[in-house]
**Q** 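Encoded as structure tokens, here's the structure I'll be asking about.
A note on names: the letters A, B, ... follow the listed sequences, proteins ahead of strands, and every chain is numbered from 1. Computed from a predicted structure; not experimentally measured.
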Amino acid sequence: MVITRFAPNPNGPLHIGHVRAALLSHEYARRYKGKFILRFEDTNPENALLEMYELIRRDLRWLGMSWDEEYAQSDRLELYYNYAEQLLREGKAYVCICPIKDFRGLRDRGKPCPCRELSSGEQLQRWRLMLAGGVAKGEAVVRIKTDLSHPNPAVRDWPALRVTTKPHPRVGERYSVWPLYNFSVTIDDHEMEITHVIRGKEHEVNEQRQRTLFEHLGWEYPTAVQYGRLSMAGVALSKTQTMRGIQSGELTGHDDVRLGTIAALRRRGFVPEAIKQLILDIGSTLVDASLSWETLYAYNRKFADERANRYFFVPNPVKTLVHKAPDLKQVRLRLHPGHPEHGERILPLASEDDALVFYLAGEDVAALQEGQTFRLKDLMNVSLSSKGRVVEVEFQGLELADVQKIQWVSAGAVEVEVIRPDNSRELGIAEPAVAGLKVDTIVQFERYGFVRVDVARPKLIVVYGHR
RNA sequence: GCCCCUGUGGUGUAGACCGGUCAAUCAUGCGAGCCUCUCGAGCUCGCGACUCGGGUUCAAAUCCCGGCGGGGGCACCA
């Protein structure tokens, strides 16, 4: 049976790069009717954050993933201790108390450090002292013995467990000896009977380290698949940078629209199917890929266009008077041009003296020439008389004409604030029907773009997704 | 510096393991047109690539060597 896992460090929000590991692993397990495991790799009490566990689960669920088992490595310390002790007893690991500089000097020359030569009895003694809290942070580390002539110094006698005294957000001060990444991964991948490990190529050296431990324990290494780095134009994906930005207040949170986090993408109205499809299409080549926003938009449009109802939104509105128009009170339009079953919306018309009153987008007005005929979309043709502080136009007819069509707002305008992808704000007004929109709804503002309702009350705030 | 990986159109990919069917797939992008009362969607046509040099071979995108380019790692982080 195929068993895969996604093993995030709960030290920050998931971004599109992490999702690649998760989605590929999940998809592989599901495709072969196997098992998918979620495992929190929270063995560094220094940076694990309690709120991230649920945030990560939420992102995974949102993307349509489900897991058959869930673990947190912070619950499994005794297990790691048992293996550490076994390795020390069998002479396959040792407790090193050398200053790190000295150790590296020896390692780089392929020489053993004095600790490596001690008997297993002495190793166990040191180990018990570590466990009992008799060793300060940084004073001792358990190392796995490897071939000291390995061509890559980075894999020689790598560290497996260390002392860390900071309380862990989940298990508090119960432990002061914590396993390091390569150690706990190896133990868990074997204990959980993982058959396929899918991960980024930054783990290439780690894989070599982990293989040495699998050999010591007589275990078989799972099938490993690696993929290259994923970057997005103009987006910092790094967790540390993200967390720093949030702490300094430069970013509004883990869902700041400028970020490439899943939370940010969700906020901008990307649908999970689009993200999933894109990631699966990118696949798992070892070459680094730089994703363009255009591609992400294209994937999202495929889904969003079908679902999103249409509304008129007018940024930077300019008051416009239509003279000689018939006395119309309202117009009724479809919510979605291709889906009559979505229903209709009503746009009431305002009048002032003998004229109908509209609001048009400032940019649209600026582009119009005097005398030019254009169409208030779905309503009437008009021609521009003059552009003052108020724009004056003259009614030309109701029948559809082959002229430019622009959206408009008349009576009952609703104020809308749009959060742009660079986190700047654009203000405008929309037709009254938007007042009933619920948070999270994705709609299309015609000729403007797809937006997602971020806040419904008291003021309507939407986040811009894309054209 | 040392260890390792990788190079197909603007972008993302298929093909490479098992050389010929590849004058190279699909998507996106861009251009033209059709359609649609959106600058959105849909449809049609078009543009655009095997990093370079050598070698092996009847035959190389595919195998080998070298150059150049890109990336990762060299943490008592994950």
**Q** Are OP1 or OP2 of B/U13 and a side-chain N or O of A/Thr285 less than 4.0 angstrom apart?
**A** yes

**Q** In terms of the nearest nucleotide of RNA chain B, which residue is placed more toward the 5' end: A/Pro179 or A/Ile406?
**A** A/Ile406

**Q** Taking the six-membered ring where the residue is Trp, are the ring centres of A/Phe6 and A/His26 under 6.0 Å apart?
**A** no

**Q** Using a heavy-atom cut-off of 4.0 Å across all strands, would you classify A/Lys137 as base, sugar-phosphate, or nothing?
**A** nothing

**Q** Given B/U6, B/A78, B/A75, which nucleotide is nearest the side-chain atoms of A/Val287?
**A** B/U6

**Q** Please determine whether a side-chain nitrogen or oxygen atom of A/Ser292 lies at a distance below 4.0 Å from atom OP1 or OP2 of B/G10.
**A** no

**Q** Do we get A/Arg268 above A/Trp293's six-membered ring, with its NZ or CZ under 6.0 Å from the centre and within 45° of the axis?
**A** yes

**Q** With a non-hydrogen cut-off below 4.0 angstrom, is A/Phe450 in contact with a base, only sugar-phosphate, or nothing?
**A** sugar-phosphate

**Q** Got a sec? Which of residues 143-151 of chain A come in under 4.0 Å of RNA chain B, heavy atoms?
**A** A/Pro151

**Q** Give one of base, sugar-phosphate or nothing for A/Leu180, where a contact means two heavy atoms less than 4.0 Å apart.
**A** sugar-phosphate

**Q** From CZ of A/Arg310 over to C1' of B/U38, roughly how many Å is that when rounded to an integer?
**A** 8 Å

**Q** Does A/Arg143 make a cation-pi contact with A/Phe103 (under 6.0 Å, within 45 degrees of the axis)?
**A** yes

**Q** Taking any heavy-atom pair under 4.0 Å as a contact, classify A/Arg229: base, sugar-phosphate, or nothing.
**A** sugar-phosphate

**Q** Taking atom C1' in both B/C26 and B/G9, compute the distance separating them and give it to the nearest angstrom.
**A** 13 Å

**Q** Nearest to the A/Asp288 side chain among B/G12, B/C76, B/G71, which nucleotide is it?
**A** B/G71

**Q** May I ask you to check if A/Arg307 and A/Phe450 form a cation-pi contact, with NZ or CZ under 6.0 angstrom from the six-membered ring centre and within 45° of the axis?
**A** no

**Q** Under 4.0 Å, heavy atoms only, any strand: does A/Ile100 hit a base, just the sugar-phosphate, or nothing?
**A** base

**Q** Inspect the contact between A/Arg5 and A/Asp188 and indicate whether a charged nitrogen and a carboxylate oxygen are less than 4.0 angstrom apart.
**A** no

**Q** Would you classify A/Thr164 as touching base, sugar-phosphate or nothing, given that sugar-phosphate means primed atoms plus P, OP1 and OP2, and contacts are heavy atoms under 4.0 Å?
**A** nothing

**Q** Please report the distance separating the C1' of B/C2 from the corresponding atom of B/C63, rounded so that it comes out in whole Å.
**A** 29 Å

**Q** Under 4.0 Å, counting only non-hydrogen atoms across every strand here, what does A/Gln444 touch: a base, just sugar-phosphate, or nothing?
**A** base

**Q** Before accepting this row, confirm whether a basic side-chain N of the pair A/Glu70/A/Arg57 lies closer than 4.0 Å to the acidic partner's carboxylate O.
**A** yes

**Q** Please check if atom CD in A/Glu399 has more than 12 non-hydrogen atoms from other residues, nucleotides or ligands closer than 6.0 Å.
**A** yes

**Q** Need one value for A/Asn381: base, sugar-phosphate or nothing, where a base atom within 4.0 Å counts as base even if backbone is also close, heavy atoms only.
**A** nothing

**Q** Just call it for A/Asn182: base, sugar-phosphate, or nothing, with non-hydrogen atoms closer than 4.0 Å on any strand.
**A** nothing

**Q** Take atom P in B/C68 and the same atom in B/G53, then report the distance between them in whole Å.
**A** 15 Å

**Q** In whole Å, measure the gap between the P atoms of B/A61 and B/A49 for me.
**A** 15 Å

**Q** Can you check the distance between B/G71 and B/U51, where both ends of the measurement are the C1' atom (answer in whole Å)?
**A** 15 Å

**Q** Side chain of A/Glu202: nearest nucleotide among B/G12, B/C37, B/G72?
**A** B/G72

**Q** In whole Å, measure the gap between the C1' atoms of B/C35 and B/A16 for me.
**A** 42 Å

**Q** What nucleic acid atoms does A/Asn44 come within less than 4.0 Å of, heavy atoms only: base, sugar-phosphate, or nothing?
**A** sugar-phosphate

**Q** Select base, sugar-phosphate, or nothing to describe what A/Arg301 touches, counting heavy atoms under 4.0 Å on all strands.
**A** sugar-phosphate

**Q** In this structure, how many angstroms lie between the P atom of B/G40 and the CD atom of A/Glu294, rounded?
**A** 11 Å

**Q** Ignoring backbone atoms, test whether A/Arg104 places a side-chain nitrogen or oxygen under 4.0 Å from the OP1 or OP2 oxygen of B/C2.
**A** no

**Q** Once Watson-Crick and G-U wobble pairs under 3.5 Å are found, how is RNA chain B written in dot-bracket notation, 5' to 3', with | for any base paired to another strand?
**A** (((((((..(((.......[.....)))((((((.......))))))...(((((..]....))))))))))))....

**Q** Tell me: CG of A/Leu278 to P of B/C26, nearest whole Å?
**A** 19 Å

**Q** Please determine if A/Asp288 and A/Lys201 form a salt bridge, counting it only when a charged side-chain N lies under 4.0 Å from a carboxylate O.
**A** yes

**Q** RNA chain B: A/Glu204 or A/Thr295, which has the more 5' nearest nucleotide?
**A** A/Glu204

**Q** Could you give the distance separating B/G19 and B/C50 at their C1' atoms, to the nearest angstrom?
**A** 15 Å

**Q** Quick one: which of B/A78, B/C37, B/C3 gets closest to the side chain of A/Asn152?
**A** B/C3

**Q** Please report the distance separating the P of B/G7 from the corresponding atom of B/C65, rounded so that it comes out in whole Å.
**A** 14 Å

**Q** Please report, rounded to the nearest Å, how far the P atom of B/G12 is from the CG atom of A/Leu286.
**A** 15 Å

**Q** Without decimals, in angstroms, what is the distance between A/Phe374 CZ and B/U38 P?
**A** 16 Å

**Q** A/Arg467: which residues meet the salt bridge (Lys or Arg N to Asp or Glu O under 4.0 Å) condition with it, sequence neighbours left out?
**A** none

**Q** Rounding to a whole Å, what distance do you find between A/Leu333:CG and B/U36:P?
**A** 18 Å

**Q** Which one, B/C37, B/C76, B/G71, comes nearest to the side chain of A/Leu400?
**A** B/C37

**Q** Identify whether NZ of Lys or CZ of Arg in A/Arg39 sits under 6.0 Å from the centre of the six-membered ring of A/Tyr71 and within 45° of that ring's axis.
**A** no

**Q** If you compare all heavy atoms of A/Met130 against all heavy atoms of A/Leu161, which two are closest, and at what distance to 0.1 Å?
**A** CE-O, 4.4 Å

**Q** What's the closest nucleotide to the A/Lys302 side chain, out of B/A27, B/G29, B/C5?
**A** B/A27

**Q** For a quick check of understanding: with a heavy-atom distance under 4.0 Å over all strands, which category does A/Gly283 fall into, base, sugar-phosphate or nothing?
**A** nothing

**Q** Taking the six-membered ring for Trp and the full ring for Phe, Tyr or His, determine whether the centres of A/Phe312 and A/Phe445 are under 6.0 Å apart.
**A** no

**Q** Any carboxylate oxygen within less than 4.0 angstrom of a Lys/Arg side-chain nitrogen, looking at A/Glu344 and A/Arg332?
**A** yes

**Q** Write down the distance between NZ (A/Lys377) and P (B/U36), rounded to a whole number of angstrom.
**A** 13 Å

**Q** Over how many whole Å does the gap from A/Arg209 atom CZ to B/G72 atom C1' extend?
**A** 12 Å

